[in-house]
Amino acid sequence: MITVTQALSLVLENRIFPDTETVDLAEAGGRVLAAPVLADRDFPPYHRVTMDGIALRAAALEKTRSFPIENIQAAGMPASRLSNPLHCIEVMTGAVLPGNTDTVIPYEQCDRTAGVAVLKAGAAVSPFQYIHQQGTDAGRGDVLLEKDRKITSAMVGVMASAGMTRVSVYRLPAVAVCSTGDELIPPGAQPAPHQIRASNSRMLAAALQTEGIRAELFHLSDNKTEMKASLASLLENFQVILFSGAVSKGRYDHLPALLQEAGVKKIFHGVAQKPGKPFFFGTLGDRCHLFGFPGNPVSTYTCYQLFFKPWLYRSLHCSSEKQVARLAEEFIFKPDLTCHLLVNLSHEQGMLTARPCRNSGSGDLTALARGDALMSLPAERSSFHAGEFFEVTML
Ligand SMILES: Nc1nc2c(c(=O)[nH]1)N[C@H]1C(S)=C(S)[C@@H](COP(=O)(O)OP(=O)(O)OC[C@H]3O[C@@H](n4cnc5c(N)ncnc54)[C@H](O)[C@@H]3O)O[C@H]1N2
Ligand code: MOO
């Protein structure tokens with residue numbers, strides 16, 4: 001059995017190198033940007049008025065506090081120009097600053113009567129106040145967004161303002177999610193007493209959906225001949241296959257052997273961790289990457305989070321951030337395995353703090369929905385003390 005660290009580096013070494021494609025801006029959220037986004041014009045593109053009020057020349061204040069209003073400059077109107085330096089133009093937020101003016105005084109600081117604006121006593125005036133100056137956010141041609149970033153809603157906004165309607169992103173792999181086991185029935189069916197509902201495949205599909213991947217779901221029978229036939233077709237049609245179950249020592253755990261018979265190279269089978277010990281990972285050349293997650297629901301999900309997700313992010317050129325949290329209470333774990341402890345997180349004394357979450361083991365799917373994160377406790381130790389910091393993976 002290999003360590004968690006060794007397993008993770010083997011998984012990451014076997015990343016894929018996806019092509020790029022262009023998608024509509026409306027579909028780009030959550031995808032990874034494959035090319036930098038440049039400013040097609042200055043940001044803002046003109047001196048933008050930031051308060052409703054009047055625009056005038058600041059130097060005019062040495063001569064007068066009373067300004068005849070020449071006209072109104074609203075947002076969306078082409079720039080006008082102040083003809084008399086002792087006059088003003090009414091301006092609205094978002095308008096282009098009129099030519100021959102250099103300051104804005106909000107309505108609250110002046111009185112307007114009979115077409116004349118008079119500054120109130122104490123109205124503060126300095127050049128370029130309440131003006132968002134052209135090009136101060138970014139200049140034309142500047143990089144607004146670096147490539148290899150996961151596209152957030154703010155980034156969608158930036159791209160829209162740079163005039164983009166299509167975005168270059170890394171192509172997502174075609175993923176199949178396969179449950180295994182004759183005890184499983186679809187969630188909509190009525191289970192007999194000896195049956196359970198297939199939850200893992202739905203859980204994995206939901207996790208993939210948050211990455212923008214619409215996986216296809218399959219179910220493999222425990223029957224060796226049937227499983228073999230299904231695998232042949234899956235290996236033909238998918239770049240990535242996530243299996244859950246059929247990877248431990250049982251008489252019907254045919255998956256690792258059948259995959260290898262079908263030409264899959266075993267990269268590893270078995271990781272010194274709990275949960276998720278019988279985890280299998282293999283490749284079929286560059287054509288297909290296979291993750292055989294152990295069937296217990298918490299094991300499946302743990303392996304997805306700790307190995308598949310970093311693999312996906314590395315393949316898509318972006319990184320998944322690691323965090324540490326403070327263990328709130330003593331925890332003992334004797335086996336010589338990395339323990340991925342299900343925890344609840346809170347902020348205590350300004351520190352991210354983790355408390356073990358009640359659960360009854362890797363078959364306890366209900367606990368997974370109560371937990372916030374997995375805290376990885378190193379295999380070399382068996383007692384972990386309150387106040388120590390360890391890495392956490394958010395769920
Ligand atoms: N003799 C040994 N037995 C087991 C070992 C071992 O080392 N020696 N390892 C144990 C560990 S650890 C795990 S984890 C499990 C994993 O076994 P499999 O990957 O072969 O998974 P299954 O036996 O098919 O299923 C385990 C468990 O999970 C339920 N399951 C499976 N798929 C789903 C699904 N899609 N949705 C909901 N629940 C699912 C299944 O019904 C079983 O209860 O092996 C231990 N045994
Ligand atoms: O490792 Mo198994 O994944 O404990 O339940």
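Just follow the structure's listing: the first ligand is 1, and inside any ligand the first atom is 1.
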Polar contacts were defined as any N/O atom of the residue lying under 3.5 Å from an N/O atom of the ligand; does this apply to P278 and ligand 1? no
Atom 22 (P) of ligand 1: closest protein heavy atom, distance to 0.1 Å, is A246 N, 4.0 Å
Using the ring of each side chain (for Trp, its six-membered ring), is F281 parallel, tilted or perpendicular to H289, with breaks at 30° and 60°? tilted
Just jot down the ligand 2 atoms closer than 4.0 angstrom to any heavy atom of P275, in number order. 1 (O), 3 (O), 4 (O)
Considering heavy atoms of the protein only, find what lies nearest to atom 42 (C) of ligand 1 and give residue, atom and distance to 0.1 Å. E183 OE2, 4.0 Å
Who's the nearest protein heavy-atom neighbour of atom 43 (O) of ligand 1, and how far? N296 OD1, 4.3 Å
Within 45° cone and under 6.0 Å: R112 NZ/CZ vs Y107 ring: yes
Indicate, with yes or no, if M203 and M394 share a hydrophobic cluster defined by side-chain heavy-atom contacts under 4.5 Å among Ile, Leu, Val, Met, Phe, Trp and Tyr. no
Top protein contact for atom 1 (O) of ligand 2, by heavy-atom distance: G276 N, 2.8 Å
Run the contact test for S244 against ligand 1 with a 4.0 Å cut-off on heavy atoms, strictly below, and give the result. yes
Start with the C-alpha gap between C288 and V240, add the side-chain angles, then the distance that decides, and say whether side-chain contact (heavy atoms from CB on, under 4.5 Å) holds. CA-CA 5 Å; C288 189; V240 179; over 6 Å; no
After noting the C-alpha distance and the side-chain angles of H269 and F280, does the key distance pass the ring-ring contact (aromatic ring centres under 6.0 Å, His included) rule? CA-CA 4 Å; H269 184 194; F280 174 94; 5.5 Å; yes
I need the nearest protein heavy-atom contact for atom 37 (C) of ligand 1: residue, atom name and distance, please. S199 OG, 3.1 Å
If you apply the rule salt bridge (Lys or Arg N to Asp or Glu O under 4.0 Å), what do you find for E388 with R381, and how did you get there? CA-CA 13 Å; E388 287 192 280; R381 292 175 48 187; 2.7 Å; yes
Closest to atom 35 (N) of ligand 1 among protein heavy atoms sits N200 CB, 3.2 Å
Determine whether any heavy atom of S299 lies closer than 4.0 Å to an atom of ligand 1. yes
Relative to the heavy atoms of S362, which atoms of ligand 2 are at a distance of less than 4.0 Å? 2 (Mo), 4 (O), 5 (O)
Okay, side chain of T393, backbone of L306: is any donor-acceptor separation there less than 3.5 Å? no
List the steps and the verdict of side-chain contact (heavy atoms from CB on, under 4.5 Å) for T353 and H347. CA-CA 6 Å; T353 302; H347 283 276; over 6 Å; no
Would you confirm whether T101, through its side chain, and T103, through its main-chain N or O, come within 3.5 Å as a donor-acceptor pair? no
Suppose we measure from atom 31 (C) of ligand 1 to each protein heavy atom; which comes out shortest, and what is that distance? G295 O, 3.4 Å
Can a non-hydrogen atom of A198 be found less than 4.0 Å from any atom of ligand 1? yes
Under 4.0 Å from a heavy atom of S299: which atoms of ligand 2 are those, numbered in the order shown and with their elements? 2 (Mo), 3 (O), 5 (O)
Closest protein heavy atom to atom 23 (O) of ligand 1, given as residue, atom name and distance to 0.1 Å: D253 OD1, 4.2 Å
Nearest protein heavy atom to atom 45 (C) of ligand 1, by residue and atom, and its distance? S248 OG, 4.1 Å
Is the closest heavy-atom distance from G181 to ligand 1 below 4.0 Å? no
Give the numbers and elements of all ligand 1 atoms closer than 4.0 Å to a heavy atom of I196. 38 (N), 41 (O)
Is N200 reaching over with its side chain to a backbone N or O of G295, donor-acceptor style, under 3.5 angstrom? yes
For Y304 and L208: C-alpha separation, side-chain torsions, deciding distance, then whether side-chain contact (heavy atoms from CB on, under 4.5 Å) applies. CA-CA 10 Å; Y304 174 91; L208 289 164; 3.8 Å; yes
Short question: side chain of H340, backbone of S299 - any donor-acceptor pair under 3.5 Å? no
Going by distance only, is there an N or O of K249 that falls short of 3.5 Å from an N or O of ligand 1? no
Report, in ascending order of atom number, the atoms of ligand 1 lying under 4.0 Å from any heavy atom of S179. 35 (N)
For the residue pair F390 and F384, does the interplanar ring angle fall in the parallel (under 30°), tilted (30 to 60°) or perpendicular (over 60°) class? perpendicular
Does G250 come within less than 4.0 Å of ligand 1, judged by its heavy atoms? no
Has the side chain of Q109 got a donor or acceptor atom that lies under 3.5 Å from a matching backbone atom of P106? no
Polar-atom distance check: L184 versus ligand 1, any N or O pair below 3.5 Å? no
Would you check the N or O atoms of Q273, main chain and side chain alike, for any that come under 3.5 Å of an N or O of ligand 2? no
Taking atom 3 (N) of ligand 1 as the reference point, report whether a protein heavy atom occurs under 4.0 Å from it. no
Where on K274 is there a heavy atom closer than 4.0 Å to ligand 2, on the side chain, on the backbone, on both, or on neither? side chain
